[in-house]
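Here is the structure we will look at.
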There are 2 protein chains.
Amino acid sequence: MSDVRRPNFENNITADDVAEAAGVSRWTVNRAFKKDASISPKTRTKVMEAASKLGYVPDLRAAALASDRSNLVALLVDDFANPHKLVMMERLTRILRKHGWDTLLVNTLDRDDAGHAILNASQRRVDAAILIGIQFDDEVLETALHARRFHKLIIFARTSRHPDTISIAVDDAAAMQEIAAYVAEQGYRRPLFLAGPRTYSAHLLRKETFLGCWERRFGTVPEFAEVPAYDPILAEQVVTRILTDRPRDEMPDILVCENDALAIGAIDVIRHKLGLRIPEDIAVTGFDDVPQCQSPNYALTTYRQPLTEMAEYLVEVLESSEDRDFDRAFKGKLVPRASA
Amino acid sequence: MSDVRRPNFENNITADDVAEAAGVSRWTVNRAFKKDASISPKTRTKVMEAASKLGYVPDLRAAALASDRSNLVALLVDDFANPHKLVMMERLTRILRKHGWDTLLVNTLDRDDAGHAILNASQRRVDAAILIGIQFDDEVLETALHARRFHKLIIFARTSRHPDTISIAVDDAAAMQEIAAYVAEQGYRRPLFLAGPRTYSAHLLRKETFLGCWERRFGTVPEFAEVPAYDPILAEQVVTRILTDRPRDEMPDILVCENDALAIGAIDVIRHKLGLRIPEDIAVTGFDDVPQCQSPNYALTTYRQPLTEMAEYLVEVLESSEDRDFDRAFKGKLVPRASA
DNA sequence: TCCCGTTTTGCACGCGCGTGCAAAAAATTC
DNA sequence: GAATTTTTTGCACGCGCGTGCAAAACGGGA
């Protein structure tokens, strides 16, 4: 009985079937699907026609298994309250796809399960893990490194000094210096820095840089506050707590925020709970240039990272087989708007 | 020479190695890693110890290849401007992971490349494809269906009548009726419906339902406008265009929006470009209950979908081997806030 | 037409695990 | 303690493709 050889789901057509139909060997079929393989154009079209007639598509699982290269990366995210993540995901998936890479989205928000999530990604034998703006990155980083299964561990859009890690980010120090200079030039003198959560392994150097710049320039260290996550709602709570009922003459004249997620929360509170005007009473700056910054509602002065360029470099790193230091810091661009 | 048998990247330890270390057969090792497999507890712990000593993790690629079941789904997204997508991605990935499923994030925003993206997902032999709120879904749907490689094609959070498709969504008609009733009860009489892009295959029944309800109740069909994507920025443009310089007595008293992405753009324009108050001059309602709705800035009256419940059902569908009609509509919840 | 260099094609073996069944071991019964 | 049942373990074969090399086909010059 010939229908015995059909153990798998709905008679999958394989390269063998195409080979038979095209009158060539299986290996020639697979060659036809491979860029710059040594194959004659004539054979290739013959194979491709047979393939499309049969509806054949190469099986990437088998290819990955045989070659130990999956063209798959795991994207670890735990920071879904930050609108910038949406932008990053869009950009990364698009550019990775353009270069033939697929993306496994791993939600590491649930700290208890982060380990499992990472383990699972490693079981898929992804070629690399990419951490984007991870909030609880210390723990995750350790787990991931301990698993020792990711050929490359990339921290994207955040600086990491960890030696086993590749950091592709904007030059936070330079960026913050630029913002600090801008703030000072615009005549603000009582800044309050609104920082995000503190992590050990990977870092945004923004707070330290800003405070340092300001101190060097004016001799005083500005006030600052910390929000436990990059979440506008949490930022609202923190700003409400520290600014409500504060005497007018002790109010900051500008809130310099570590990123847009915090800035957006801050703006909402300043305007709607404190009843103050932006920028007349309190100005605000952010970081990232999320889409909402353009809204007339926020018109947020912020700093744009060259995401596309960074993603392209990421691909370069993924495809390189060298073993050098891939860390790189990019230059971004200050985007002045009405909020400061 | 024994080091010949090491063709793969950094001597991967396999089930065979663990088997040798534990003094059992390879099959017993794999059994130890499988839930409710027939294996004695004693052997299992012995195996697990050997495994963790060697740092062994089962290879899911090989497992998928051998069993033709990958526990992998492709999540197709093309609508990254809509903040609700972030919420959906978070929820879906978390709940899928909880049940042992991994997620391949496929960006189908670039229409030219959507076909490739889908093809690629199919090459990974995912068990199912999930479309979330796809904007250009007609084309994508056809491509995906044509590929005929997804065992299940699920339209999530959107209704589809396509017979080859499984639709898991909120009951849009019921939801919109509830909103319409609310709007009418609050005394609004000149609604304007702000709709998103029109698609053929999958649908949000919101516009038709609202217009129909209103007509039955008051005998008049409300005005409506269409935004070409669920993007606050585009919504701003459309609303600006249709409301700027309109005489006061022809102004709508409420904007009923197909979802929050549109509502948010509308609010920004109404307040900051038209200089009107919300809800006194124009009220606004949305749909989805994205996090920003809670912000005092928007305080958006909206409708919340039971995402968690829907995601749990999705898992149920994924794991079912029956061949019945899985379509299902859920009931959501109206969330009244200050905007209407 | 023959020869030689070049391009194109074929193939043995392996990637790591699942399936279904048979053999072995353990547990149960009388 | 022997016979029977139940649980546990082992194994042949296959999943679909990549690698590296050898064999075959091709092309051009004399």
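Small disclaimer: the values here were computed from a predicted structure and weren't measured. Lettering of chains follows the sequences in order, A, B, ..., and the numbering in each one begins at 1.
Taking the side chain to side chain contact (heavy atoms under 4.5 Å, CB included) definition, one finds that A/N30 meets it with A/A15, A/R26, A/Y56, sequence neighbours left out. Scanning for salt bridge (Lys or Arg N to Asp or Glu O under 4.0 Å) contacts around B/D59 gives A/R125, B/R61, with sequence neighbours left out. Applying the side chain to side chain contact (heavy atoms under 4.5 Å, CB included) criterion to B/S52, with sequence neighbours excluded, gives no partner residue. The salt bridge (Lys or Arg N to Asp or Glu O under 4.0 Å) check on A/R97 picks up A/D102, with sequence neighbours excluded.
A/R61 has its CZ atom 14 Å from the C1' atom of C/dC15, to the nearest Å. Remark: C1' of C/dC17 and NZ of B/K34 are 10 Å apart, rounded to the nearest angstrom. Protein atom CG of B/L60 is 19 Å distant from nucleotide atom P of C/dC15, rounded to whole Å. One interatomic measurement links the two molecules: CG of B/L65 to C1' of D/dG14, which rounds to 9 Å at whole-angstrom precision. Whole-Å rounding puts the B/R125 CZ to C/dC17 P distance at 21 Å. The CG atom of A/D16 sits 10 Å away from the C1' atom of D/dC17 (whole-angstrom rounding). We find that CZ of A/F33 is positioned 13 Å from C1' of D/dG16, with the value rounded to whole Å. Put simply, CG on A/N30 is 12 Å from P on D/dG16, counting in whole angstrom units.
Side-chain contact between B/M310 and B/R328: absent, with no pair of heavy atoms (C-beta onward) separated by less than 4.5 Å. Side-chain contact between B/L153 and B/D164: absent, with no pair of heavy atoms (C-beta onward) separated by less than 4.5 Å.
Five base pairs at each end of the helix from C/dT1-D/dA30 to C/dC30-D/dG1 define two local axes, and these are offset by 30° (rounded to 10°).
The closest side-chain donor-acceptor pair between B/R91 and B/T308 falls under 3.5 angstrom. With 3.5 Å as the limit, one finds no donor-acceptor pair spanning the side chains of B/S167 and B/D327.
Distance alone, capped at 3.5 Å, places no donor-acceptor pair between the B/K85 side chain and the B/V77 backbone.
Contact annotation: A/K46 does not reach the phosphate of C/dT8 (side-chain N/O to OP1 or OP2, under 4.0 Å). Phosphate proximity of C/dC15 to B/T14: absent, as no side-chain N or O sits under 4.0 Å from OP1 or OP2.
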Could you pull out the protein-nucleic contacts involving nucleotides 6-11 of chain D (nitrogen or oxygen on both sides, under 3.5 Å)?
from	atom 1	to	atom 2	distance (Å)
D/dT9	OP1	B/S40	OG	3.4
D/dT9	OP1	B/T43	OG1	2.3
D/dT9	OP2	B/S40	N	3.2
D/dG10	OP2	B/S25	N	2.9
D/dG10	OP2	B/S25	OG	2.7
D/dG10	OP2	B/T28	OG1	2.5
D/dG10	N7	B/R31	NH2	3.3
D/dG10	O6	B/R31	NH2	2.7

